[in-house]
There are 2 protein chains.
Amino acid sequence: MTTPPREMTRPAPGRRDTRQRRAVLGALERATGFASAQAIHARLRAAGTPVGMATVYRVLRDLADTGQVDVVRDDAGEQQFRRCTPGHHHHLVCVACGRAVEVESVAVERWAEEMGRANGFTDVHHDVELFGTCSRCAGA
Amino acid sequence: MTTPPREMTRPAPGRRDTRQRRAVLGALERATGFASAQAIHARLRAAGTPVGMATVYRVLRDLADTGQVDVVRDDAGEQQFRRCTPGHHHHLVCVACGRAVEVESVAVERWAEEMGRANGFTDVHHDVELFGTCSRCAGA
DNA sequence: TATAGAGTGAGAATCACTATCGATAACAGG
DNA sequence: CCTGTTATCGATAGTGATTCTCACTCTATA
Ligand SMILES: [Zn+2]
Ligand SMILES: [Zn+2]
Ligand SMILES: [Zn+2]
Ligand SMILES: [Zn+2]
């Protein structure tokens with residue numbers, strides 16, 4: 001394949017390309033699985049690329065709003081971000097190492113739609129996340 | 001009607017039957033759909049049955065731990081509680097009025113298990129919530 | 001290069017939720 | 001009904017994540 005112009009760092013239309021935005025995006029790109037805003041902030045500071053807390057949150061929220069990152073809440077209610085394939089899809093996350101794999105979800109999509117129709121609901125959408133222990137962590 | 005031995009107020013084994021616990025449970029029972037701890041606290045105060053904030057949270061957490069209430073996080077990350085059928089199941093919630101209906105979920109259960117197996121994950125569990133606008137609210 | 005205004009960040013403000021711990025009240029016995 | 005044991009209360013002081021402020025900085029562009 002060609003893998004041309006890395007759009008990774010390209011700011012969304014109307015957005016400016018700043019060092020901070022690039023840094024947050026980079027940290028997200030570098031992360032194995034999900035990462036919290038706090039974690040990203042800490043990593044950037046440790047990496048010698050300090051970015052203000054407010055900015056980290058601002059960029060992450062923007063990325064989430066434009067569908068460039070996934071957001072889920074962990075049990076403590078903290079937001080966890082993950083850079084991944086654009087478009088609707090779901091994950092199977094390892095509760096031990098955080099690694100996440102995108103899973104095929106036609107079945108749920110169909111089920112959700114079906115349930116909505118069956119109950120007379122419109123504009124039906126859903127939150128679906130799978131958790132478990134990956135083979136690598138299970139073996140340890 | 002007979003309104004028999006309402007188990008609703010029966011404290012879990014080892015728990016004491018207090019006015020506060022009864023009040024929280026009652027508020028939950030009375031609620032249409034999901035309710036936040038803050039909301040329950042406010043309602044009880046307004047109803048002239050004041051209960052400490054800490055107690056509301058304590059009771060709700062206990063009920064959740066013993067599977068007597070469902071807990072979900074809204075977009076703001078706030079916990080929402082709902083008294084309902086014990087045992088694993090999912091809901092279709094109206095984003096307008098909060099009313100929620102329990103939906104049949106064999107399909108998702110099977111799908112979740114399948115995905116776990118397919119990816120070598122063990123102890124797979126899931127978070128699944130459906131949202132939409134109920135017919136009543138859609139008509140308004 | 002000059003300029004408009006998007007973007008930044010230190011620090012204050014929110015806010016849901018938890019920890020403290022002395023006071024209070026269930027409840028099993030007697 | 002009295003009483004000791006203790007679970008439970010609740011006013012209050014945290015905690016910790018996320019947001020708000022707003023003067024200052026830098027990107028994008030003519
Ligand atoms: Zn793992
Ligand atoms: Zn889906
Ligand atoms: Zn409705
Ligand atoms: Zn399920």
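The shown structure was predicted, so the numbers you read here are calculated from the model rather than taken from an experiment.
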Can you tell me the distance, in whole Å, between the [atom1] atom of [X] and the [atom2] atom of [N]?
| X | N | atom1 | atom2 | answer |
| --- | --- | --- | --- | --- |
| B:Asp62 | D:dC9 | CG | C1' | 14 Å |
| A:Arg21 | D:dC26 | CZ | C1' | 14 Å |
| B:Ile40 | C:dC17 | CD1 | P | 11 Å |
| A:Leu44 | C:dG9 | CG | P | 11 Å |
| B:Leu60 | D:dG10 | CG | P | 14 Å |

Give each protein N/O atom lying under 3.5 Å from an N/O atom of nucleotides 23-26 of chain C, with the pair distance.
from	atom 1	to	atom 2	distance (Å)
C:dA26	N3	B:Arg16	NH1	3.2

I'd like to check the ring pair (Phe, Tyr, Trp, His ring centres under 6.0 Å) partners of [X]; sequence neighbours left out, ordered by chain and number.
| X | value |
| --- | --- |
| A:Phe81 | none |
| B:His41 | none |
| B:Tyr57 | none |

In chain order, what residues pass the side-chain contact (heavy atoms from CB on, under 4.5 Å) check against [X], with sequence neighbours excluded?
| X | result |
| --- | --- |
| A:His125 | B:Val95, B:Phe131 |
| B:Ala27 | B:Arg30, B:Ile40, B:Leu44 |
| B:Thr32 | B:Arg99 |
| A:Ala42 | none |

Could you run down the sub-3.5 Å N/O contacts of the protein with nucleotides 15-19 of chain D?
from	atom 1	to	atom 2	distance (Å)
D:dT18	OP1	A:Gln79	N	2.9
D:dT18	OP2	A:Tyr57	OH	2.4
D:dT18	O5'	A:Tyr57	OH	3.3

Rounded (10°) bend between the five-pair end axes of the helix from C:dT1-D:dA30 to C:dG30-D:dC1 = 40°
Contacts under 3.5 angstrom, residues 107-114 of chain A side chains, donor-acceptor by atom type, not counting sequence neighbours:
from	atom 1	to	atom 2	distance (Å)
A:Glu109	OE1	A:His88	NE2	3.2
A:Glu109	OE1	A:His126	NE2	3.1
A:Glu109	OE2	A:His88	NE2	3.0
A:Glu109	OE2	A:His90	NE2	3.0
A:Glu109	OE2	A:Ser105	OG	3.1
A:Trp111	NE1	B:Glu104	O	2.9
A:Glu114	OE1	A:Arg117	NH2	3.3

Provide the closest heavy-atom pair for A:Cys94 versus A:Cys134 in the form atom of the first, atom of the second, distance.
-> SG-N, 3.4 Å
What is the minimum heavy-atom distance between A:Ala35 and A:Arg43, and which atoms define it?
-> CB-NH1, 3.8 Å
Atom pairs and distances, side-chain donor-acceptor, residues 71-78 of chain B, under 3.5 Å, sequence neighbours left out:
from	atom 1	to	atom 2	distance (Å)
B:Arg73	NH1	B:Gly77	O	2.9
B:Arg73	NH2	A:Asp75	O	3.1
B:Asp74	OD1	B:Ala76	N	2.9
B:Asp74	OD1	B:Gly77	N	2.9
B:Asp74	OD1	B:Glu78	N	2.9
B:Asp74	OD2	B:Gln80	NE2	2.9
B:Glu78	OE2	B:Ser36	OG	3.3

